[in-house]
A.B. asks: 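Once you've had a glance at the structure underneath, I'll fire off some questions.
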Amino acid sequence: MTKTGMTKTGMIDFRGVNKWFGSLNVLKDITLSVEPKEVVVVCGPSGSGKSTLIRCVNGLEAIKDGDLVVDGQRLGDPATNMTQLRTEIGFVFQSFNLYPHKTALENVTLAPIHVRKIPRAEAEKAGRELLAKVGLADKVNAYPAQLSGGQQQRVAIARCLGMRPKIMLFDEPTSALDPEMISEVLDVMVAVAEEGMTMMVVTHEMGFARKVAQRVVFMDAGAIVESGTPEEFFSHPKTDRSRAFLSKILRH
Amino acid sequence: MIWQQLQSLAGSYPLALRGLGMTVVLSLISLVLGTLLGFGLGILRTGGNRLISGLIGAWVDLIRGTPFLVQIFLIFFILPEFGIELDAFTAGIIALTNLAACFICEIVVAGIRSVPTGQVEAALASGLSRWQRMRQVVLPQAMRIVLPPLVGQYVLLIKDSSVVSAIGLTDLTRVGWLVVQRVPNGLLVFFLVGVGYFIVCYPLIMLARRLERRMGAAHGEVQL
């Protein structure tokens with residue numbers, strides 16, 4: 001977590017990034033640097049641009065202006081091979097997006113076999129180990145429709161890990177889950193974080209933020225309003241907007 | 001009198017078999033080629049290139065918006081004017097393949113568009129190439145939507161193949177016209193022609209119905 005004087009060491013570097021949906025400025029002058037192995041939690045009210053922010057990192061959304069450099073490669077640069085870069089970035093969706101026609105194991109091994117060109121037997125062995133790691137050793141041959149939401153999301157995380165990514169992005173990974181399933185997914189995410197993964201996590205799970213995040217970024221109306229350690233942010237929010245937001249989500 | 005006509009008809013059965021064979025061969029070749037071409041067009045139509053997509057869209061609309069008989073005449077009678085001589089069989093195959101491809105293209109496009117965006121995003125995020133996304137993620141899911149109407153379309157195309165009799169191909173319908181000149185009982189002759197088509201089409205109708213039921217049942221299990 002060091003910054004040398006001359007060069008940025010950030011794994012993900014937003015420099016003055018702007019994005020519009022029509023006339024709506026969904027990302028306003030975003031400048032944010034995520035260091036290797038850092039875990040950054042992004043929170044903020046609905047519509048504040050937090051999902052858009054992380055969707056830009058793997059190019060699911062294009063930025064309008066500013067620079068976004070991921071793993072040393074500038075997005076939008078013709079020299080950047082986006083497909084190649086995406087293999088280094090895992091993305092976990094709110095709605096899981098598992099392939100419904102493939103088993104849990106096939107979901108995990110698809111990209112390693114077809115993109116990484118790992119031999120099938122080897123990929124399946126690694127896939128079984130990953131599913132065991134997320135606590136689903138007995139669901140290897142189950143189809144997504146046969147799994148609970150929490151189980152599906154754990155398969156989705158294993159699917160990302162199968163590519164051995166350098167970065168993992170989580171877009172509200174527990175928002176679509178029944179309350180009793182949230183902790184099983186968070187536990188897996190904590191384990192991934194503790195292994196030194198660079199992570200950006202859009203979530204309102206403050207327990208998770210306190211446990212593993214080095215930094216909490218608070219967004220509102222497309223801009224980063226506040227950024228600090230979880231301790232600072234939760235105990236001493238600096239702005240009215242973050243205080244208002246925290247009072248809403250911490251009330252219950 | 002009806003007895004004599006039936007005897008006379010029985011004598012025509014080699015001709016009838018030839019006609020049935022022609023209808024089956026023509027349909028089979030056109031449907032196989034048309035399916036391949038239709039999937040290709042459907043995939044290109046939903047691809048990123050606006051020009052290609054627009055051209056395919058215009059062609060499909062043109063073919064769907066003109067009578068098949070006119071298309072066959074254009075291919076068989078007009079192309080020779082430009083130096084492209086085709087025998088009736090080749091012209092029939094080209095016309096029917098083109099028609100099949102256009103209808104199947106529309107079915108495939110609807111199937112591809114029915115796959116939720118999240119599926120494509122997941123495939124994109126894990127670094128799958130365009131073709132891999134199509135082959136591994138989109139098409140298998142689109143097939144659930146595509147299969148029942150595809151088989152239904154086959155039935156329509158087999159029946160449309162009767163139009164090739166207009167350029168002199170001795171298919172089942174033309175056999176009907178030939179026989180009716182010897183046996184002046186149009187009702188009987190064309191009733192039998194109809195039975196011939198029905199025998200070819202009915203298994204497909206049953207298949208389409210079964211697929212529809214199976215896909216419908218499977219759909220309940222899958223939550224996307």
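So you know, we letter chains A, B, ... as the sequences are listed, proteins then strands, and number each from 1.
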A.B. asks: In terms of side-chain geometry, is the basic nitrogen of A:K133 or A:E129 positioned less than 4.0 Å from the acidic oxygen of its partner?
C.D. replies: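 No.
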
A.B. asks: What part of A:L60 gets closer than 4.5 Å to chain B, counting heavy atoms only: side chain, backbone, both or neither?
C.D. replies: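 A:L60 touches chain B through side-chain heavy atoms alone.
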
A.B. asks: Which region of A:F93, side chain (C-beta onward) or backbone (N, CA, C, O), has a non-hydrogen atom less than 4.5 Å from a non-hydrogen atom of chain B, or is it both or neither?
C.D. replies: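 For A:F93, the contact with chain B is made by the side chain alone.
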
A.B. asks: Let me know if A:H101 has heavy atoms under 4.5 Å from chain B in its side chain, its backbone, both or neither.
C.D. replies: side chain

A.B. asks: Considering only heavy atoms, which portion of A:R159 lies under 4.5 Å from any heavy atom of chain B: side chain, backbone, both, or neither?
C.D. replies: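 Contact with chain B: side chain only.
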
A.B. asks: Indicate whether any N or O donor in one side chain lies under 3.5 Å from an N or O acceptor in the other, for B:Q71 and B:T66.
C.D. replies: yes

A.B. asks: Examine whether an atom of B:E121 lies under 4.5 Å from a heavy atom of chain A, and if so say whether it belongs to the side chain, the backbone or both; otherwise answer neither.
C.D. replies: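 Backbone plus side chain of B:E121, per the 4.5 Å heavy-atom cut-off to chain A.
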
A.B. asks: For chain B, which of A:H114, A:K102, A:M163 has the most heavy-atom pairs under 4.5 Å?
C.D. replies: A:H114

A.B. asks: Is it the case that more than 12 heavy atoms not belonging to B:Y202 sit under 6.0 Å from its OH atom?
C.D. replies: no

A.B. asks: Do you know the tightest heavy-atom contact between A:H204 and A:C43?
C.D. replies: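 Minimum heavy-atom contact is CD2-CB, 4.0 Å.
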
A.B. asks: Do A:D171 and A:S51 have side-chain atoms, one donor and one acceptor, less than 3.5 Å apart?
C.D. replies: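 Present: a donor and an acceptor within the cut-off.
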
